[in-house]
Amino acid sequence: MRVIHAADLHLGAVPEKDAPWAENRGRELWETFERLIEYTEQTQTDVLLIAGDMFHRQPLLRELKEVNYLFSGLTRTKVVLIAGNHDYIKQDSYYRSFEWCRQVTFLKSTGIERKDFPELNLSVYGGSYYAKEDAESVYNRIAVADERRVNILLGHGGDAKHRPYDLFKLQESAFDYIALGHIHKGGELLKNRIVQAGCLEPADRTDTGPKGFYEGEISKSGVHMEFVPFARRLYLPLDINVTPEDTVLSVKEQIRKRQEAEGRENMYSLVLKGQRDQVIQFPAEELMRIGNICSLEDRTQPDYDLEELYRSNQNNVLGWYMKEFMQKTELGETELQALHYGIRALTYGE
Ligand SMILES: [Mn+2]
């Protein structure tokens, strides 16, 4: 059968909401989800697994209705959901009473429950969070009812406070495929067997690298699941190597070119490295105005010839200041930074 395994959609999150170039980021998370449902329909997928944190917080009733509307248009697909630590089933959660369309199975037990799909010879095991944290290792010892069926475990967690699991125990289990969520980075813990889907769309700045879902074939004769990049935008590092020949304008041009090459829609953590001409300073605000830069770190050092500067200033306040640093055999980054700030203050009166 054809399966899509996604997780951590974080609908309702509004990343980068203060960035002028990303006002609609919250909306984009929804659009990517809509796109996923369209894709699921187009590919006539049999099972769509959503391994928790479909919502970033408690879902609103109208949000559940929108999600349900999208699921209700699926002509072939069975959707199986669990609640994660972000959208855990709170006392007054709409998850408790919501009536899903026939396509959806919501595994809302606090422990592990099983849902059989006889027409697919499939059993899906899973359960939901009832608190923000749940340190119980619920996934380590689950017995499978019938090994002749395709058995899938749908889980959420993987760190000490969120349903930690022992990879060896999962490996020893009788599950054909273990579809996990929670670790936004994603990855195949065991190829074609134990997989963290990663978040569908980066939900905050720490979610760097490729994002999407896993897709493929699962049957009793084998499992073949592949990562499908699907996010609208990614967070990427952007390192620029500055030389003493560079100016503010030349650096801006380099940033723009790199953004063109790696995708103008992506969001960048900019780091300036190397040596700059001593009269050049990079004004953060001006660089940020290029757009799609979510952080800026200027690690450049001015291109003073320290030895020469020290020699020619030995009898004035600049030399006295430099002496302490120059006597050391090696300077750490912080000391070097302090030395340069001092030189700048004493030389240019800034
Ligand atoms: Mn989570």
Side-chain angles (χ1 to χ4, degrees), residues 4-16 25-26 28-30 32-33 36 48-60 63-64 67 79-91 93-96 98 104-113 124-140 142 152-167 170 177-189 194-214 227 230-231 233-235:
I4 287 179
H5 163 207
D8 295 270
L9 278 51
H10 285 270
L11 299 173
V14 276
E16 305 296 337
R25 205 48 210 130
E28 282 177 10
L29 267 54
W30 278 91
T32 300
F33 174 60
L36 172 66
L48 169 62
L49 303 166
I50 300 183
D53 286 358
M54 182 160 68
F55 290 94
H56 186 59
R57 40 147 174 78
Q58 292 298 310
L60 305 174
E63 290 173 329
L64 286 178
V67 163
V79 181
V80 189
L81 307 173
I82 54 172
N85 58 312
H86 274 269
D87 55 354
Y88 70 97
I89 306 174
K90 226 178 178 171
Q91 199 60 50
S93 172
Y94 291 111
Y95 266 153
R96 285 182 187 255
F98 192 76
V104 176
T105 300
F106 182 32
L107 302 176
K108 58 178 169 180
S109 301
T110 175
I112 299 295
E113 63 180 297
V124 182
Y125 293 70
S128 286
Y129 279 64
Y130 279 73
K132 262 184 216 158
E133 291 181 358
D134 179 348
E136 206 78 43
S137 297
V138 292
Y139 304 126
N140 285 343
I142 304 169
I152 294 178
L153 172 61
L154 185 59
H156 189 90
D159 63 41
K161 288 178 177 167
H162 301 98
R163 301 194 160 181
Y165 44 76
D166 180 334
L167 212 46
L170 296 187
Y177 185 72
I178 301 180
L180 298 167
H182 183 61
I183 305 297
H184 285 195
K185 191 176 186 320
E188 296 165 296
L189 307 179
I194 308 173
V195 176
Q196 278 279 0
C199 49
L200 185 64
E201 184 78 36
D204 73 43
R205 279 178 199 182
T206 58
D207 295 336
T208 56
K211 300 292 169 224
F213 56 82
Y214 280 79
F227 176 69
F230 205 68
R233 297 175 197 267
L234 301 178
Y235 285 100

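Both counts, for ligands and for their atoms, begin at 1 and track the order of listing. Note that the structure is a prediction, hence the values are computed from the model and not measured.
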- Query: Got a sec: is His182 within less than 2.8 Å of the Mn ion (ligand 1) via an N/O/S atom?
  - Reply: yes
- Taking the six-membered ring for Trp, are Phe227 and Tyr214 ring centroids under 6.0 Å apart? yes
- Item | Atom name, His156 (N, O or S, nearest to the Mn ion (ligand 1)) | NE2
- Message: Once rounded to the nearest 0.5 Å, what's the spacing between atom CG of Asp8 and atom CG of Asn85?
- Response: 8.0 Å
- Query: Measuring to the Mn ion (ligand 1), does His86 have an N/O/S atom at a distance below 2.8 Å?
  - Reply: no
- Just jot down the ring pair (Phe, Tyr, Trp, His ring centres under 6.0 Å) partners of Tyr177, sequence neighbours excluded, or say none. His5
- Examine Asp53 and say whether one of its N/O/S atoms is closer to the Mn ion (ligand 1) than 2.8 Å. yes
- Message: I need the single residue from Asp207, Thr206, Thr208 that forms a side chain to side chain donor-acceptor pair (under 3.5 Å) with His184. Which is it?
- Response: Asp207
